[in-house]
Structure formats: structure tokens, C-alpha cells
Amino acid sequence: MFLTAVTVLAALINFIYSLISKRYVDPTDLGIFSTCMIIEPYLTYLQLGSMHAYNRDLPQLLGAKKMQEAQNLKNSVFTFLLVVYGTVLIIGTLFFIVIYPHVFAKELSAQHTVGYVTTIFVTVIAIFYSFGMNTARIYNRFNFSAIVEFVGAIVAVGVGLASIILLRRNGLEYYGLYVRSVLMYAVPLILYMGSFKGIRLRFDFKLIKSVVFSGLPLLVNSFIWTIVTSIDKFVILYFLDETMLGHYTVALLGFSTLALIPQTISNAYCMKMNELYGATGSTEKIIEYAKQSTLINSVITCFTSICAFYLLPIFIQTVMPNYTEGTEAAQIIIIGVAIYSSTFSFGHLFTILKKNAQLIVNSILLCIFNAVFSTVLVLVFGANINNVAIGTALSYALYSILLIVRLRQMFGSNLKSMLRNSWLAVLCAIVPCLGFYGLSTLLDFSIYIAFAASLVFMIALLLVFYNQDIKDLITRKKSLF
């Protein structure tokens, strides 16, 4: 629980940064920054699934008490990453500075060149940061990890904001955006150095081959997921421009902020489920873990979604008035993410049980949903970021239903129980939220009254449907860890 609390606090710090930085950086510059940073997640896939297999297999090896095999896995994966991303740093930098102008017969702007090269550097740091963080958490150093993330957020945000403000005096605030991008990974990486203790530079080709082979399906699934999360940006860049992408970053802010808490909880559960499955091989036990995580996520999401829906527009208007065009898109995304985030733990079950083919099929379907909905809505109702947001929200909501149906088909999980722990709980927030928001607009009464009424009705609905569950959680004093 400490990890979750500190992670939320760190997220709040990053959220404040996102708000304040937008006060000093105009939408066009932020749109260019977002365009350059699009390549970061795609570059991470050059690890060829080794990190995915590492995060899945190391907890299982430790759970099975196979310590030597676990150490060999750490050595080989680290060495592999060092070789791959050392090469990426060199070739990527040369490409954007030297090769790009010759291949495309045009020069990149200084903003784009610096942006792309810095993004490559950030990606390299991020890979080893991820290795250190996941290793620490796999060894149950959750509290240490929470402190590291918090310190990293404080330093990155503080220095990042100072850089933007100072550089703004010379009209260079755009470049200040990358200071935080570097520090948010570099500072924690330094603090995670203990996770690299005992690692040797040994390349076991046979082991890496098996790791890559087993991790590739997970990589393909994650790659498709990256495409899914990029589709709305690509649609905006194709039908609109970088300035509107800058406005849409407000919606992306709502997405990342709202999803953070349930994602943190479900990721922690995923590691525990991995370890439990390695020790017992029991599908039933990890499904119970997933159900517990889902209910907790859903209840927490009820509170965070209503707060985000009502308060984010106020923050936007007050702190970054230049980005008000993205307000409605942010509220739309919040609703879609609220539904989707309640099923995070259900999605982890496919990874743990190595249902790789089904993972890929699920992700491809989500990719299709998102592409079709976003594009069709833009073509039919006009090139507007709100239509892109609606398409994205619909696709995530539909995907959450798909996950539940697949689990029912594959493992015989109780459909009613899964819907009760996810959709029903979140609807206890969404229905009063949208209802009172609509009434406040129609009858012209205070948005604060609508906010308070939504919270009261949500709590009442939760007590009606989940009174016993909440009592059990309190009396048993259940802990995530």
C-alpha cells in the first residue's frame, strides 16, 4: 500500500508539472515535443521481448527456488540490452543528424532534430531504468522502489520546471521540456544501481534465444498496444496538425493520471501472481488474486474518475488557459479510461498463463476498434479532437468487455462476478457523474454542487452493492503486499 500511496504522490507531482509547464509552453511547441516523443515506445521494442520474458520468468524462477537459473537470466538479459541499446544510441543519433537530410532530401528543423536525438537518449536510459525498477520490485523491494520514484519525480519536476522558466527568457522553453524527460529516468536509474549488483557481462546465446523466442509474443502484443495508444495522435497529425496535438495532450494527461493508480496496483498484483503461479501452478489462486485486485481498482477508480472529470477542467482554465480546447476531449477520455482501467488485472492473466496468441488477438482487435472508431468519427462528424477522444474512449470500453468474455470462454470464470467487480462498480461513479454534470449544464446550477452530488450518490451506490465486500476488506485488513 505504501508503494501505491507514494506512486500516487509522485503522479500528483508530475501532474502539477504538466499543468505548470503548459503555462509557459505554447501548444505548437508541445505538439512538436509530443511528435518527437512518439518514437520512444517504438524504440523500446528493439529489446525483442527480452524484458517481457525477464519480468515474467524471473519471479517464477525465484518462486520455484531456482536461484542459479535466475542469476543466469539476469546476466544474459542485461548484457543483451547493453549491446542492443549501445548500438541504437550510435546509429539513431547518426540517422537524424547525418543520414535523414540525404535520404529525405530536406533538413529537419532544429527543434525536431534535438527532439528526436534526445528521445533516443531518453529511451536508452529508460530501458535500464525499467530493468532496475522491475528487478527491485521482483525482489519485493516495493517500499524502496516507491521512495526512488518519489525522489526521481521531485528532482525531475523541480529541475525541469526551472529549466523551462529560465530558457523562456531567450525563447527556448521548448528545449526545457526534454530536461525532465531525461531526469525522470536518469535519477531513479542511479538510485536503482543496487539492482545491478552481482550482474556479470555474460552472453548466453542459447538462453537469450529462448528468452527472445518466449518473449516475442509478449513484445508483439505490447507493440500492438503502442500502436493503439498512438492511433489518436496519428489521426490528429494526419487530419489536423501539431498545434491540435498540443491541445490533445490535455486529454492524454487525463488518461495517464487516471490510469496510474489502478495500473500500479494491478502491476504489483501481477508480480505476486507470477510468483504464486511459479510456486503452486494454481490457476484458481491467481484468478482470485485478479478478482481482488479488480474490485479494489474499481472502487478507487470511482473516486478518481469523478474527481478528475470535474476538477481537471477547472485546473485547465485556471493554470493553462491556452489549452482549453482540449478540456472536453480530456473529460471524454476520463470516462473511457475509468471503465478500461477496472480490468487491468484480468489482462495480466493472459500474460501469466502464457496465452500469447490470445493476447495478440485481443490487442489487434483493440487496435482495429481504435483506428476505425477514431477515423470514422472524424470523417463523419468533422476533424475535431473531441471526435478522436470519443473513438478512443469507445474502443477501450469495448476492449474491457472483450477481456471479460475471453476469460469466461477460456477459464470458465464467472461472468457475473467479473462484471460485478469491474463494470458495475465503475458505473456507480459514471452514471451519477454524467447525470449531474448534464443537469448542471441544462439547469445552469453550480458545477461544484454537481460534483458533490455525484460523490454522494456514488458512495450510496457502492454501499448498496458492495457493503459486505467493504466490510470484509476492513475487518480482514487485507493488504496488497
Side-chain angles (χ1 to χ4, degrees), residues 4-5 7-9 11-23 247-264 296-342 384-390 392-394 396-397 422-466:
T4 303
T7 301
V8 172
L9 185 58
L12 179 61
I13 294 170
N14 285 314
F15 178 77
I16 293 172
Y17 166 85
S18 297
L19 296 177
I20 297 176
S21 63
K22 288 180 175 61
R23 192 176 185 88
H247 286 292
Y248 191 73
T249 57
V250 172
L252 299 177
L253 175 63
F255 182 104
S256 59
T257 302
L258 187 60
L260 180 70
I261 299 176
Q263 198 167 50
T264 301
I296 294 173
N297 275 345
S298 299
V299 173
I300 292 174
T301 299
C302 286
F303 288 91
T304 57
S305 60
I306 288 182
C307 291
F309 186 89
Y310 281 101
L311 298 180
L312 186 59
I314 298 172
F315 274 113
I316 295 171
Q317 182 63 46
T318 304
V319 180
M320 43 183 179
N322 291 334
Y323 290 81
T324 52
E325 287 188 55
T327 302
E328 291 184 9
Q331 290 179 301
I332 293 166
I333 290 293
I334 285 169
I335 298 301
V337 175
I339 296 173
Y340 159 65
S341 62
S342 68
N384 186 292
I385 58 175
N386 292 343
N387 292 328
V388 177
I390 292 172
T392 301
L394 285 174
Y396 280 110
S422 55
W423 267 72
L424 178 60
V426 175
L427 287 176
C428 288
I430 292 177
V431 172
C433 178
L434 294 179
F436 283 107
Y437 184 79
L439 286 175
S440 70
T441 303
L442 182 65
L443 303 179
D444 194 28
F445 61 82
S446 173
I447 199 72
Y448 295 103
I449 295 177
F451 178 33
S454 297
L455 284 174
V456 170
F457 269 76
M458 176 202 68
I459 293 171
L461 289 172
L462 287 175
L463 289 175
V464 169
F465 292 108
Y466 301 98

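Remember, it's a predicted structure, so these values are computed and weren't measured experimentally. Heavy-atom basis, side chains included; hydrogens, waters and symmetry copies ignored.
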Checklist outcome for this item: In this structure, CD1 of I316 is separated from CG of L311 (nearest 0.5 Å) by 11.0 Å
Item to check | By side chain to side chain contact (heavy atoms under 4.5 Å, CB included) - contacts of S18 (at least two apart) | outcome: K22, L253
Item to check | Contacts of type side chain to side chain donor-acceptor pair (under 3.5 Å), residue Y466, not counting sequence neighbours | outcome: none
Checklist entry - How close do V319 and R23 get, heavy atom to heavy atom, and via which atoms? => result O-NH1, 2.8 Å
Next on the checklist: Is the shortest side-chain heavy-atom distance between F309 and I430 below 4.5 Å?
Outcome noted: no
Checklist entry - Heavy-atom distance under 4.5 Å between the side chains of W423 and S298, does that happen here? => result no
Checklist entry - Are C433 and M458 close enough that some pair of their side-chain heavy atoms sits under 4.5 Å apart? => result no
Checklist entry - Can you name the residues that form a side chain to side chain donor-acceptor pair (under 3.5 Å) with E328, not counting sequence neighbours? => result N386
Checklist entry - Do F451 and L455 come within less than 4.5 Å of each other through their side chains, counting heavy atoms only? => result yes
Item to check | Separation between CD1 of I449 and CG of L439, rounded to the nearest 0.5 Å | outcome: 12.0 Å
Checklist entry - Which residues satisfy the side chain to side chain contact (heavy atoms under 4.5 Å, CB included) test with A450, sequence neighbours excluded? => result Y310, F436, S440, F445
Checklist outcome for this item: For L427 and P432 the tightest heavy-atom approach is O-CD, 3.8 Å
Checklist entry - Is there a side-chain contact between I306 and F457, using heavy atoms and a 4.5 Å cut-off? => result no
Checklist entry - Is it true that a side-chain atom of T318 and a backbone atom of F315 form a donor plus acceptor pair closer than 3.5 Å? => result no
Checklist entry - Does S341 have any side chain to side chain donor-acceptor pair (under 3.5 Å) partners at least two apart in sequence or in another chain, and if so, which? => result none
Checklist entry - Under a 4.5 Å cut-off applied to non-hydrogen side-chain atoms, are F303 and L462 in contact? => result yes
Next on the checklist: Run the side chain to side chain contact (heavy atoms under 4.5 Å, CB included) test against T441 and tell me which residues pass, sequence neighbours left out.
Outcome noted: Y437
Checklist entry - Taking atom CG of N387 and atom OG1 of T392, what is their separation to the nearest 0.5 Å? => result 10.5 Å
Item to check | From OG1 (T327) to CD1 (I385), nearest 0.5 Å | outcome: 8.5 Å
Checklist entry - Looking only at heavy atoms, which two atoms of C302 and A425 are closest? And how far apart? => result SG-O, 2.8 Å
Item to check | Least distance between heavy atoms, C428 atom then F465 atom | outcome: SG-CD1, 3.9 Å
Next on the checklist: Please report the interatomic distance CD1(I334) to CD1(I339), rounded to the nearest 0.5 Å.
Outcome noted: 13.0 Å
Item to check | N322 side, atom CG; T324 side, atom OG1 - distance, nearest 0.5 Å | outcome: 7.5 Å
